[in-house]
Each structure stands twice: as C-alpha cells, then as structure tokens.
Amino acid sequence: MNKVRVLFFIALSIPLFSSSRLYAGADVKPILDDARTTLNQAAAKDFEWTTTRKLIADAETALAVGDKDKSLKLAKAALNEAEKSLIQANYAEAHWQDGSPL
Amino acid sequence: MKIKAKVKKDITKVKMLIKHPMETGRRKDQDGNVIPGLYITEVSASHNSQPVFYAEVGQAVSKDPYMAFSFKGGMSGDKVSITWIDSSGATGKGEAAIK
Amino acid sequence: MGLIKLILKIKAGLILAGLLALSCMANGETGSKSGLDFKAMVQQDVRDFQAYYKKRFSQVEFSKYKNGVYAIDAASREQWLEMEDFPPYEFAIDDGEALFQTPFANGKSYADCFANGGESIRQNYPYFDSKKVEVITLELAINNCREANGEKPLAYKKGALAMLSAYMASTSAGNIFAVSVPDEAAYQAYSEGKQFFYSKRGQLNFSCADCHMRVAGQKLRADISSPALGHPTGFPVYRAKWGEMGTLHHRYAGCNKNIRAKPLPAQGRAYRNLEYFQSVMSQGLEVNGPSSRK
Amino acid sequence: MSVSGKDMTMSRRGFLGDLFKGAACIAAATSLPRLAFAAWNEKAFKAETLEGALNGKYPGLEMVDSTAVKLKAPAIAENGAVVPVSVKTDLPDVKTISLFVEKNPSPLAATFHLTSVNVADVSIRIRMGETSNLIAVVESGGKLHRVQQEVKVTIGGCGG
C-alpha cells in the first residue's frame with residue numbers, strides 16, 4: 001500500500017466532525033434521552049453505528065450503580081456518536097455522489 | 001463423504017472430502033461453554049480389498065477434511081473405498097469407481 | 001466508450017452477449033413520464049464502472065471478475081484454486097438439490113414456482129417486479145415460493161436457504177448475468193442501491209466504494225480487498241471464516257459490521273437494492289456460484 | 001501399510017483396544033478393510049511441543065534436512081482455518097510422511113502411512129492457529145528427511 005493511500009485511510013478513520021450540544025448541568029438523564037432520540041433518527045436512515053447502543057446501555061448501568069461520573073462520561077460519548085451518525089446520514093443523503101471515484 | 005479417483009499413466013490419484021465438524025475441543029459456544037472435542041483420528045482406503053492408504057490425523061485437520069493420495073495399479077472402473085473413525089468411535093465410509 | 005474498448009478484448013461469447021444486452025437496452029422503450037432516459041443512464045453507469053476496473057487492473061480479463069478477489073491477487077488465487085479443486089460447498093449443492101426435490105406438504109415443489117423448473121435461471125436474479133414494485137432476489141423468491149405453498153420461510157443468511165440457492169446457482173453455472181432496469185420504478189430501486197454503495201457509513205466512515213473500488217487489490221488490515229465488479233456472481237459462498245454456506249446478504253452484514261455500521265436486515269429493502277445495483281454493474285459476467293471464500 | 005512396533009506399544013488408545021468395547025465398534029470393524037485403524041498415536045498427537053510430538057512419533061530416528069522433500073504451502077495463509085498443504089518426494093521406500101505445525105497447541109497434524117503401492121504425494125487441508133513453521137518429515141531408509149517453511153497466518157476480518 002503506498003503512502004498516499006495510507007494517509008488517505010488514516011484521514012478517513014479520524015472522525016471528520018465533532019460537536020456535542022453543551023449540557024451545562026451534570027444530569028445524565030436528559031443527555032441519554034437526547035442520545036437515544038438522535039440515534040433513533042440515524043437508525044431510521046439506516047445509519048446506526050454498532051457501538052452507540054452499547055455506550056447508552058453502559059451509561060445506564062453506571063447510573064444504576066451510582067457511578068455518576070462514569071455514567072456522564074459514557075452518556076456524552078453516546079450522544080457524540082449518535083450525533084455523528086446522524087450527521088453522516090444527512091451528509092450521505094446530500095453528497096453521496098462525492099463518494100464515487102468515477 | 002465424497003471421493004474422486006482418477007487414473008493417469010498407472011497412477012491413481014484419490015481425493016476425498018469427508019463431512020465432519022472436526023471440533024478441536026478448544027472452541028467455545030455462545031454461552032462460553034467449551035464444545036467437546038470430536039475429530040477424525042484415522043482414515044484408511046482400499047482398492048480391490050487391498051489397503052492403499054492409511055492416515056492418522058489430529059485436531060489440526062480442517063472442518064470437512066480434505067485429503068488426497070496416489071497409488072499405482074488402479075484401473076478405470078475399479079472401486080476405491082474409504083473408511084474413517086473419529087474420537088468418539090463413530091465411523092463412516094464411502095466408495096467410488098476410478099475414472 | 002470504455003466498455004466498447006473493453007469488450008473488444010474479451011472472449012467472443014462475451015462480445016455477443018454484451019452487445020446483445022447493450023443493444024436490447026438501448027433500443028428498448030424509453031418512454032418515461034419524467035422524460036429521463038434512465039436506460040441510457042444505467043448503461044453509462046455500467047460502462048463507467050467496468051471501465052474503472054479495466055483501468056485499475058489492466059492485466060485482468062473482464063471475465064475473471066466473477067472470481068472476486070482471486071481475479072486480482074495471484075497469491076490468494078493459488079490457495080483458492082486448491083480449495084475449488086474439491087470444494088467444501090459440494091456437500092451444500094447435494095443437500096440443496098435434495099431440499100429442492102422434496103415436495104411441499106401440498107404436493108407442489110420449488111420447480112413449480114420458477115421458470116424452467118428452477119434450473120439455469122440464477123442469472124436473471126435479482127429482477128425488478130413492476131407489479132410488486134420491489135426487487136426480487138433469488139433468496140426472496142425461494143421464500144415467496146414456500147409461503148405461497150403454505151410453508152414457513154427459511155432464515156436468510158445461511159442453512160437450508162443458502163443450500164437451495166447454491167444448488168440453483170450450480171445449475172446456472174456459466175450463464176451470463178442479465179439483470180436489467182426495465183422501468184422508472186426499477187430505476188428508483190437501482191438508484192437507492194447505488195446511493196447505498198457510495199455512502200460512507202459506520203464509525204469508520206467507509207463506503208462500499210472506498211474499500212471495493214479505491215483500495216480494491218490492496219490490503220485493508222491483513223486482507224486484500226475484492227473488486228466490487230463481480231461481487232454477486234459467486235454467491236452463495238462457503239466461507240472458511242463461517243465454516244459453512246452463507247448468502248450475499250450475510251456477507252453484506254459482515255461488511256457493515258467491519259466498518260462498525262449496524263447491519264441491516266437480510267433481504268430488507270436496502271440490501272436488496274444494493275444487490276440489484278451490484279448485479280447491474282456486474283452484467284456480462286458469468287454465474288460462478290456457489291464458490292469458496294476465505 | 002506398516003505401523004512401527006513402538007507406535008503400537010505407545011498407543012494407549014488404539015482402535016484395536018476400542019474394538020472390544022462395544023457392539024457398535026465391532027459392527028463398524030466388520031465393514032473396515034483389514035489392517036486399517038492400526039493405532040492412533042495418542043502420545044504424539046497429544047504432545048504440546050514440536051519436540052514432544054516428534055519424539056512421540058519417531059523415537060530415536062536420525063533427522064536430516066532434505067531438498068528431496070517438496071512441501072507446498074502458502075507463504076501467507078488466506079485463512080488459518082483452512083491451509084492447503086501438499087508433500088511429495090522421490091525418496092525411495094517411504095514409510096510415513098508427517099506434518100507438524102510448530103505453534104499449534106498440538107503440533108502433529110497428520111501422519112500418512114505409505115507402502116510400495118503408493119506414490120509419495122499427499123495433500124491435506126489443515127488448521128493453523130498462528131504464524132508458524134510448518135514441518136514436513138518423510139521417513140525413508142531408516143531416516144527422517146525434513147523440510148520446513150514458515151506460513152504466515154494473519155488476523156482477518158475484512159476479506160472477501
């Protein structure tokens with residue numbers, strides 16, 4: 001594999017977009033709700049990632065056992081992924097032709 | 001079992017494919033339980049009742065084992081029969097005519 | 001233009017088949033309501049798609065793309081040929097034939113559901129059913145046949161269905177894929193499949209085209225990526241990784257998992273449309289299923 | 001088709017021993033060719049090291065590297081679950097051909113017993129758990145003739 005292609009794939013592998021709505025408080029539940037809603041929107045477009053539901057489940061587990069810090073961290077990660085998958089879905093809808101090398 | 005035997009210039013090449021799971025005893029099922037070992041240990045073949053092949057094999061043989069060997073003296077139309085036994089004592093056999 | 005050049009270099013039989021397909025499509029009815037000449041658009045897509053591989057792998061004969069990654073990688077081809085010499089799917093063909101011959105409870109059989117008694121027809125799948133307004137794959141047709149005769153549908157990824165599909169493919173070996181896009185609704189399904197193919201998805205943000213066009217023939221981790229041209233032709237496959245037969249949609253699901261995209265349902269609309277697009281792109285290649293894969 | 005006396009004595013679980021254990025086996029035995037299923041060399045097959053397997057299989061035999069043995073195996077295995085391997089040789093009076101995978105949990109993969117009717121040309125598909133030396137040993141003229149080759153086994157995932 002030549003270097004250009006290696007770089008190309010590394011670039012592809014790095015998340016191209018990153019944003020997460022800012023939640024001022026440290027309340028996990030609304031973040032989780034947001035993550036779920038966003039993920040379901042992405043899933044409805046067939047763009048769910050394999051990793052996101054597990055993050056939500058892990059956040060809920062951590063919350064249930066009272067590990068609030070861990071739960072918050074996981075919930076934010078889940079929301080971040082859900083948002084990215086939805087952005088990916090919307091981007092694909094509008095720009096899928098750009099994915100063609102032809 | 002499937003057997004293909006072909007003679008060419010007095011050399012008969014025999015290929016076999018045996019339907020067998022060849023469980024190594026090291027795999028785990030979905031619940032994490034070890035799947036018990038079950039694998040073919042010996043395979044033998046005869047041509048006109050004369051032995052022409054014998055193999056001892058272990059867990060390292062792939063699922064649905066494939067083996068091939070060659071012998072001299074076979075004629076088109078002759079029967080080649082193959083038998084195997086596995087680690088549970090179960091056996092199987094197959095037969096094919098040389099082409 | 002690319003396709004014309006390409007065709008000149010391939011075998012005589014394929015020339016005829018290819019030109020026939022082209023002329024049939026070009027001369028067919030084009031009276032679409034929107035005025036779009038979708039048949040010409042599809043043919044342009046096919047030409048561009050096949051020309052892309054011709055340019056990338058100039059040494060590879062067009063007809064060899066039916067062999068998947070083994071068309072373009074000599075080292076793995078050698079091992080594959082060893083497997084194909086006495087392939088493990090031979091059991092599946094026998095089992096599939098036995099299933100195919102077994103009548104349903106109502107006395108009818110699979111042969112009653114298909115043209116030509118179900119023999120030598122793999123190359124016509126998938127096709128677009130203009131009445132049902134959906135893509136019908138061979139596997140879906142098999143289950144539709146079962147349900148029409150009061151039998152329960154089979155699971156879509158492996159097992160009995162894969163064996164039936166393997167048997168039916170085996171009776172069609174060497175036939176040329178002739179999947180067409182007959183009308184505007186079909187063009188819609190085709191376009192959805194095409195969109196799926198070029199859309200990046202999953203946590204790794206890869207599209208089918210990323211791995212199977214741009215990097216086809218090169219290593220993705222430890223594996224050499226196969227060309228998308230010819231993808232559907234060898235299915236179903238006995239995959240060493242599975243240790244059994246599996247369908248194309250089983251493979252799609254695995255591919256999606258690899259890029260960390262949640263797999264979509266086998267025989268759901270998305271995968272059927274993807275198979276449709278891929279089969280149209282692979283027109284002119286031979287039916288080569290079942291086959292073995294790593 | 002001969003199995004050495006040593007193999008016989010070492011086999012704690014030969015098929016002949018099992019023969020007398022049940023009717024099923026006896027029934028099976030009647031359909032088997034004579035001389036078949038002489039003895040599965042349990043000691044060699046269950047050995048966990050290459051040395052243990054070699055000693056279990058061929059105790060006391062001298063081993064030499066040989067160019068007369070042709071081993072055909074892929075340099076990089078497509079899938080470790082199915083690695084096609086062939087061994088052939090023009091050496092005279094070949095008694096056995098064995099295949100060892102150094103890093104497999106049980107290195108001995110197979111032993112083929114040949115007689116004067118055979119042509120020393122055998123093939124088999126084997127499993128390899130990881131990148132390892134593959135060793136073919138041909139027993140001929142009271143000596144072991146060895147050839148070995150590394151087969152790389154990669155972690156798959158994206159293939160096809």
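In what follows, chains are A, B, ... by sequence order, proteins preceding strands, each numbered from 1. What you see is a predicted model, and the numbers here were worked out from it, not measured in a lab.
Proximity to chain D (any heavy atom under 4.5 Å) is shown, for M16(B), by neither the backbone nor the side chain. For K63(B), the parts sitting under 4.5 Å from any heavy atom of chain D are the backbone and the side chain alike. For a residue to count as touching a neighbouring chain, one of its non-hydrogen atoms must lie under 4.5 Å from one of that chain's; by this rule L17(B) touches chain D with the side chain only.
Between the side chain of E56(B) and the backbone N or O of N41(D), at least one donor-acceptor pair lies under 3.5 Å. In this structure a side-chain-to-backbone donor-acceptor pair under 3.5 Å is present from W40(D) to V57(B). The closest donor-acceptor contact from the side chain of H145(D) to the backbone of S140(D) lies under 3.5 Å. Under a 3.5 Å cut-off, the side chain of D93(D) and the backbone N or O of G141(D) do not form any donor-acceptor pair.
Residues from residues 121-138 of chain D that place a non-hydrogen atom less than 4.5 Å from a non-hydrogen atom of chain B comprise D121(D), V122(D), S123(D), I124(D), R125(D), I126(D), R127(D), given in numerical order. Within residues 78-90 of chain D, the residues having any heavy atom closer than 4.5 Å to a heavy atom of chain B are A81(D), V82(D), V83(D), listed by residue number.
Checked against the 6.0 Å centroid threshold, H47(B) and F71(B) count as a close aromatic pair.
Taking all atoms of both residues into account, the shortest heavy-atom contact from M22(B) to D64(B) is CG-N, 4.4 Å.
With a 4.5 Å cut-off on side-chain heavy atoms, K93(B) and T91(B) do not count as touching. Within the 4.5 Å cutoff, no side-chain heavy atoms of E42(B) are placed close to those of W84(B).
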